[in-house]
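Atoms within each ligand, like the ligands themselves, are counted from 1 in listed order.
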Amino acid sequence: MNFLPIFMNIKAQPCLVVGGGEVAARKVFLLLRAGGKVAVVAPELCGELQRWADAGDIQYEQRPFKADDIDGKQIVIAATDDEAVNSEVSSLCKVRGIPVNVVDNPKLCGFIMPSIIDRTPVQIAISTGGASPVLARLLRAKLETLIPAAYGRLAALVDEFRGKVKEKLAGQDIRVFWEQILQGPVAEMLIAGQDKKARAALEEAVEKAEPPAQRGEVYLVGAGPGDPDLLTFRALRLMQQADVVVYDRLVSAPVLDLVRRDAEFIYAGKEKDKHTIPQENINALLVRLAKEGKKVLRLKGGDPFIFGRGGEEIETLMEEGVSFQVVPGITAAAGCASYAGIPLTHRDYVQSCMFVTGHLKDGTINLNWKALAHPGQTIVFYMGLHGVDEICKQLIAHGLSADTHAALVEQGTTQNQKVHVGNLKTLPDLVHQRDVKPPTLIIVGEVVQLHNKLAWFDPAGEDSAKFPAAQ
Ligand code: SAH
């Protein structure tokens, strides 16, 4: 070990930062966050430090560093771009036994500063011993995604109950109790944002001197439109702790790859006119699996509450008293539009945007065409590929010009994305000529013309990113 990692209490303690630039400002920021009383010595200040000085958050001495500036300081940081000054600060502090840090110069340091993951009161510090601050930062970014933001609240809740638990469980193994709390339903509830429920469950557990039993639960999770990088942190975390996953046709293969390997996989996909599992059976399946005590991941393409029947699924869970959480995902409209370079709204073209279903039933689509056919709005059709002729015909019949720009985004956000651009007159033919396949989103409106200017996503079209063969 090259350094001893410690966490220092600097609340209301005098700290000194020598230097007034942006690097100094970053250090001052941390010292202030930890409650330090910060003095800054520098001939001039950057904008941020100046604001803090004006607000009275720091005490500022506008002049070069003097040896007695370090008197009475608990820690000192040198962040000037003058090596001689930095090294003078370092040697003066070392003689006096004051912990000193010199930015970007480990040799002159009495202590070094780690990369920090802050979930106060939980803090994780990462250091490479000064070897590579960039590596420390990369590690930090990785860990940030794995550690739920709620861990701070979890630690605070535990802290609150610590004394009571010690009293109630006197003579028992307190460590086991807390292990079960921190890996069980109480922690899950808190992470899911159900703080009141979590507190009540913990209170009850302390009262009974017994942690609550593991329970089955359903995670209704939006998997986004295809690109696995578009998953939320929470989606990824729940995907990695599921016992069983019930997934749709629209969930892309690279996303499925991120689900815990030893989970049981159940395909509940729907193809047009060929319902693999009817909706009622899916609802019943989720209830049964959860009641068996399993953590059930219900993984849906895009967002579960946008043309995803997520509402119906959780209604059944509610009725059956099964716990659940809902995790939003990036809906196809947002994902496809971004990756196709088509902003859904734009000050110069449109004032509103509609998401509608273009699902064809008995040769018609049940929509209020009059409300849709407005030049000043973008319309996004989900499930509209088979009804594309009808969609274009109705929009023209209800007043939109046949020249209105329109696009088909096929397998949006995946390595196989294709964008076909035309207008209400040409779109149906494009579908046949280019053999466009689902999943495809239709975007109608003047914003489509921006695609030529703003398209940025240029995938290689590798097979690995294809949607599952089931479709
Ligand atoms: N809940 C999903 C939508 C389900 S409806 C969401 O929020 O995105 C299914 C329709 O979504 C498909 O028929 C298609 O129109 C659209 N869709 C989903 N993913 C898509 C993708 N990657 N590319 C293009 N369209 C997509």
Side-chain angles (χ1 to χ4, degrees), residues 220-232 235 246-256 268-276 279 282 298-314 326-342 344 353-361 365 367 378-388 390-392 406-421 427 430-431 434-444 448 451 455 457 459 461-462 464-468 470-471:
L220 178 60
V221 173
D227 182 346
D229 277 4
L230 295 180
L231 284 168
T232 59
V246 181
Y247 66 100
D248 271 6
R249 177 175 63 88
L250 277 174
V251 178
S252 73
V255 168
L256 272 185
K270 292 186 208 118
E271 279 177 87
K272 204 179 155 294
D273 304 327
K274 204 167 105 198
H275 288 244
T276 309
Q279 187 64 47
I282 296 178
R298 175 66 176 122
L299 199 55
K300 288 185 159 279
D303 181 273
F305 281 2
I306 295 184
F307 303 123
R309 306 189 75 168
E312 296 164 48
E313 292 181 12
I314 59 171
V326 184
V327 182
I330 292 189
T331 190
C336 295
S338 293
Y339 278 53
I342 302 174
L344 291 178
C353 173
M354 289 253 212
F355 294 178
V356 292
T357 161
H359 185 61
L360 196 60
K361 205 172 163 199
I365 305 169
L367 284 171
T378 306
I379 321 166
V380 181
F381 290 90
Y382 287 72
M383 299 171 275
L385 189 60
H386 296 279
V388 64
E390 178 72 3
I391 288 170
C392 293
L408 300 155
V409 185
E410 187 178 356
Q411 299 206 21
T413 79
T414 74
Q415 289 295 309
N416 297 314
Q417 171 174 301
K418 288 194 196 111
V419 183
H420 313 275
V421 185
L427 215 59
L430 270 181
V431 171
R434 308 253 180 103
D435 191 24
V436 178
K437 298 222 163 58
T440 289
L441 198 76
I442 303 174
I443 306 177
V444 177
V448 167
H451 164 75
F457 181 59
E462 287 158 19
S464 64
K466 274 202 178 120
F467 278 81
Q471 67 155 346

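At least one N or O atom of Gly412 sits closer than 3.5 Å to an N or O atom of ligand 1. Among the atoms of Thr331, some N or O lies under 3.5 angstrom from an N or O of ligand 1. Checked against a 3.5 angstrom limit, the closest N/O atoms of Met383 and ligand 1 fall inside it. Considering backbone and side-chain N/O atoms, Ile306 comes within less than 3.5 Å of an N/O atom of ligand 1. The shortest N/O to N/O separation between Asp303 and ligand 1 falls below 3.5 Å. In terms of polar-atom proximity, defined here as any N/O pair under 3.5 Å, Thr440 does make such a contact with ligand 1.
Rounding to the nearest 0.5 angstrom, the gap separating the OG1 atom in Thr331 from the CG atom in Leu230 is 12.0 Å. Expressed to the nearest 0.5 Å, how far OH of Tyr339 lies from CG of Asp227 amounts to 4.0 Å.
Under 4.0 angstrom from ligand 1, the non-hydrogen atoms of Cys336 all belong to its side chain. If you look at Gln411 next to ligand 1, the close heavy atoms, those under 4.0 Å, all belong to the backbone. When heavy-atom distances to ligand 1 are checked against a 4.0 Å cut-off, Val409 comes that close only through its backbone atoms N, CA, C and O.
By heavy-atom distance, the residue among Leu441, Asp227, Thr357 lying nearest atom 25 (N) of ligand 1 is Leu441. Nearest to atom 5 (S) of ligand 1 by heavy atom, out of Phe355, Phe381, Phe307, Tyr339, is Phe307.
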**Full working for side-chain contact (heavy atoms from CB on, under 4.5 Å) between Leu299 and Leu256** = CA-CA 9 Å; Leu299 199 55; Leu256 272 185; 4.1 Å; yes
**Message:** Using the rule given for side-chain contact (heavy atoms from CB on, under 4.5 Å), can you reason through Glu313 versus Gln279, listing the C-alpha separation, both sets of side-chain angles and the distance that settles it, and then say yes or no?
**Reply:** CA-CA 8 Å; Glu313 292 181 12; Gln279 187 64 47; 3.0 Å; yes
**Prompt:** Given the rule in the side-chain contact (heavy atoms from CB on, under 4.5 Å) test, do Val419 and Gln417 qualify, once you have shown the distances and angles that lead to the verdict?
**Reply:** CA-CA 7 Å; Val419 183; Gln417 171 174 301; 3.6 Å; yes
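Between Glu410 and Arg434 there is no salt bridge, since none of the side-chain N atoms of the basic residue sits less than 4.0 Å from a carboxylate O of the acidic one.
Each of the atoms 1 (N), 2 (C), 6 (C) of ligand 1 lies under 4.0 Å from some heavy atom of Gly301. Short contacts between ligand 1 and Ala332, defined as distances under 4.0 Å to a heavy atom of the residue, involve ligand atoms 6 (C), 7 (O), 8 (O), 16 (C), 17 (N), 18 (C), 19 (N), 20 (C), 26 (C).
Remark: side-chain polar atoms of His420 are not paired, donor with acceptor, to backbone N or O of Val431 under 3.5 angstrom.
The ring pair (Phe, Tyr, Trp, His ring centres under 6.0 Å) search around Phe307 returns Tyr382, not counting sequence neighbours.
Residues Pro328 and Thr232 share a closest heavy-atom pair of O-CG2, 3.8 Å.
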